[in-house]
2 protein chains.
Amino acid sequence: MQSPLELRHLRTLLALADTGSVSRAAQRVSLTQSALSHQLKALEDHYGTALFERKTLPLKLTAAGKRLISLAETVLPAVGAAERDLARIAFGEAGQLRIAVECHTCFDWLMPAMDCYRERWPEVELDIVSGFHADPIGLLHEDRADLAIVSERDEAEAVRYFPLFSYEVVALLAHGHPLAAKPYLSAEDFAAETLISYPVPDDMLDLIRQVLRPAGIQPKRRTSELTIAILQLVASRRGIAALPQWAVQPYLDRGYVEARPITTDRLYAQLYAATLPTRAGLPYVEDFVDVMRETSQLNLPGIVLLAE
Amino acid sequence: MQSPLELRHLRTLLALADTGSVSRAAQRVSLTQSALSHQLKALEDHYGTALFERKTLPLKLTAAGKRLISLAETVLPAVGAAERDLARIAFGEAGQLRIAVECHTCFDWLMPAMDCYRERWPEVELDIVSGFHADPIGLLHEDRADLAIVSERDEAEAVRYFPLFSYEVVALLAHGHPLAAKPYLSAEDFAAETLISYPVPDDMLDLIRQVLRPAGIQPKRRTSELTIAILQLVASRRGIAALPQWAVQPYLDRGYVEARPITTDRLYAQLYAATLPTRAGLPYVEDFVDVMRETSQLNLPGIVLLAE
DNA sequence: CACAAATATGATTCAAACTAATAATATTTA
DNA sequence: TAAATATTATTAGTTTGAATCATATTTGTG
């Protein structure tokens, strides 16, 4: 009842303002909804004033709440910067960070993340290992990469996985395509179609790995390097595709093609960052994971951050 | 052992840098030395680096420690400002603060405090109730003052006391004065002397209240309004005086007069701020108390902040 | 070298902060 | 309009970790 303001409260408030709800803010800061409800009530008691109106969704901050948010917005970045400096002081200068990527769409969010990261760690040498690799984890062991972005955890591998986020993969159809009449597509629906995808092995397509192979279905394949080219092929009825919903949302909004969920349960893909255990503890590596999560959350609509 | 940085840590570090020792920092933040030792060790473990060297006194901050201090110096004032804004929002705009003073030397530290306070609470009307009053607490009850600076707590009064600080009162003698041969002065030493003081009732002189009256001694009195004038009289052998050690330190340094402790136990005076209970909870009142304590601590050598 | 001052350590205590379960309230959907 | 779904508040119980006390160790000083 008499406890003073702490950084934890500011983090909570920022999450609250970002998410617009106590429950989602709780997820964001890895606490229960109840914990935040208590924490916020204690804060309001402490200052003798309400910080936000709960009746509305998204909730509205009061003047007092806004003032604390503005405090949080100046204080928390300053704290973050100081902590990175401390990490530099404690661990000595930072090394290199070579990133191996197996998915084409990853570039869409990886670039903004790298831009943000370069500002924080200017002395870290940031590279993308060129080309696409069937086995990115192998590159870690060969010391040709320091961090790999993968879509499956292989617990047999001696690497440390950092969860990134999850997103839905949707099927893309031309307007008036017969399958567009269905509310969702099942594995069988793909059997007679041409699947248009990036030029990668079967293993690396979530649709094939999670849906088609288990059902024993092997559709014809046609490939293209570029998302826009794939969409163009779909629109001109050369086949159907399956892509991240966040990657195609702008095209859907403009009515370029149509989207349908895949299976009744929908198809979700996950992304993880993998590093050798020896590098997993390095502050500049951990911070890159944080940056990837933050920038993606900010830029990609509809994604859900994965919990540890 | 994995606890993140909190404002409490920054407050501790700032106290540490200010005082130059763990024990004194502990006093400053009202905790035990042990608590701070634990707290600092936890911080150092968390960042994996030492924050200061303990071997030396005053202790020396490491680069990491300095970085955190600089963080604290930007963050804590911002937090303070935000909290005052919240208080304004919660309690509405602030009123007036009329201060009644009974001691002459109080002005020396009150003026800097008021200057500092005016910046923080520009909308509070700040006044000193003119003249000196035998009964400042009475002014509170008559609603002619909102806050009184007093040197004794009268528990019978229905007021709330805020402890300020304690300081030593020393006897002042001309060079070569016979009493200067003694290591300290006792009550009897004053019997044959002329006591030079401010023109206030006996009650309000700590020397008389605490030492001379209990011993039944009533020396001749001679008065002056100004500290420098009192010192001049002492130096020219018109009598002896008793003044706060912090008020005369500069004159002692220059060898203008000599100082001796009063009684074997030395003579200490305390100061308190008194308000009506109704006003004691107002943020702008409580903050004035904080400012008085802070600025005094900063400006007056040798004082000790009183604990609640 | 011994002593005082300052800091570190370990055991214990206790309150703050969290979780879980559930109730109350609002919002959306049928 | 009712049922289903989300969201927040409340109550009670548990955990955790920060502070204290007591004591040991270290460091500076006469």
Side-chain angles (χ1 to χ4, degrees), chain A residues 1-62 64-65 183 261 265-266 302 304 307-308, chain B residues 1-62 65 68 302 304 307-308:
Chain A
M1 174 66 89
Q2 175 65 323
S3 76
L5 185 72
E6 289 293 355
L7 291 179
R8 139 175 49 99
H9 299 123
L10 295 184
R11 297 188 228 273
T12 295
L13 283 171
L14 213 52
L16 195 70
D18 275 5
T19 62
S21 115
V22 177
S23 316
R24 264 168 297 164
Q27 290 194 306
R28 176 82 75 89
V29 298
S30 304
L31 287 177
T32 59
Q33 171 268 324
S34 174
L36 283 216
S37 183
H38 283 296
Q39 200 179 92
L40 291 165
K41 181 166 167 20
L43 257 193
E44 293 186 326
D45 286 353
H46 177 65
Y47 288 117
T49 181
L51 298 177
F52 59 97
E53 297 171 39
R54 297 104 204 281
K55 308 291 163 185
T56 125
L57 214 74
L59 48 79
K60 264 180 70 109
L61 292 166
T62 64
D265 298 337
R266 296 172 179 262
V304 174
E308 186 68 18
Chain B
M1 189 55 69
Q2 173 65 325
S3 75
L5 185 71
E6 289 292 355
L7 291 179
R8 140 175 55 96
H9 299 121
L10 296 184
R11 298 188 227 273
T12 296
L13 283 170
L14 214 51
L16 195 70
D18 275 4
T19 62
S21 112
V22 176
S23 316
R24 264 169 296 165
Q27 289 195 305
R28 175 82 75 88
V29 298
S30 303
L31 289 176
T32 59
Q33 169 269 323
S34 175
L36 284 215
S37 183
H38 283 294
Q39 197 180 94
L40 291 165
K41 183 167 164 22
L43 256 194
E44 294 187 325
D45 286 354
H46 179 246
Y47 288 117
T49 180
L51 297 176
F52 60 97
E53 297 172 39
R54 296 106 205 277
K55 312 290 164 182
T56 116
L57 216 72
L59 48 79
K60 265 179 69 113
L61 292 165
T62 63
L68 280 185
V304 174
E308 186 67 18

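Letters A, B, ... mirror the listed sequences (proteins, then strands); counts begin at 1.
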For atom [atom1] of [X] and atom [atom2] of [N], their distance in whole Å:
X       : N      : atom1 : atom2 : result
A:Glu44 : D:dT8  : CD    : C1'   : 12 Å
B:Gln39 : C:dG10 : CD    : C1'   : 18 Å
A:Glu53 : D:dA9  : CD    : C1'   : 17 Å
A:Leu51 : D:dT8  : CG    : C1'   : 15 Å
A:Leu36 : C:dC18 : CG    : P     : 8 Å
A:Leu16 : D:dT7  : CG    : P     : 13 Å
A:Glu6  : C:dA17 : CD    : C1'   : 12 Å
B:Leu31 : D:dC21 : CG    : P     : 11 Å

- Considering just the side-chain nitrogens and oxygens of A:Thr32, establish if one lies under 4.0 Å of OP1 or OP2 belonging to C:dC18. no
### Query
Any donor-acceptor pair under 3.5 Å linking the side chain of A:Glu6 with the backbone of B:Leu7?
yes
Residues pairing under side chain to side chain donor-acceptor pair (under 3.5 Å) where one sits in residues 30-40 of chain B, two or more places apart or in two chains, turn out to be B:Thr12-B:Gln39
A:Lys60 meets the salt bridge (charged side-chain N to carboxylate O under 4.0 Å, His left out) criterion, sequence neighbours left out, with none
For B:Leu13 and B:Leu51, the nearest pair of non-hydrogen atoms, with its separation, is CD2-CD1, 4.4 Å
Between A:Ala50 and A:Ala64, the two heavy atoms sitting closest are O-CB, 3.8 Å
Terminal axes of the helix from C:dC1-D:dG30 to C:dA30-D:dT1 (5 end pairs apiece), angle rounded to 10 degrees, sit apart by 30°
Given protein heavy atoms under 4.0 Å, the one-letter contact record of nucleotides 2-8 of chain C, with B base, S sugar-phosphate only and - none, is simply ----SBB
By side chain to side chain donor-acceptor pair (under 3.5 Å), B:Arg8 pairs with (sequence neighbours left out) none
Residue set satisfying side chain to side chain donor-acceptor pair (under 3.5 Å) with A:Gln27, at least two apart, ordered chain then number -> none
Salt bridge (Lys or Arg N to Asp or Glu O under 4.0 Å) pairs touching residues 9-24 of chain A, sequence neighbours excluded, are A:Asp18-A:Arg28
From the candidates C:dT19, D:dG28, C:dA17, the one with an atom nearest any side-chain atom of A:Arg8 is C:dA17
Sorted by chain and residue number, the side chain to side chain contact (heavy atoms under 4.5 Å, CB included) partners of A:Val29 (sequence neighbours excluded) come out as A:Ala15, A:Leu31, A:Leu36
Is B:His38 side chain donor-acceptor paired with the D:dG17 base, going by distance under 3.5 Å alone?
no
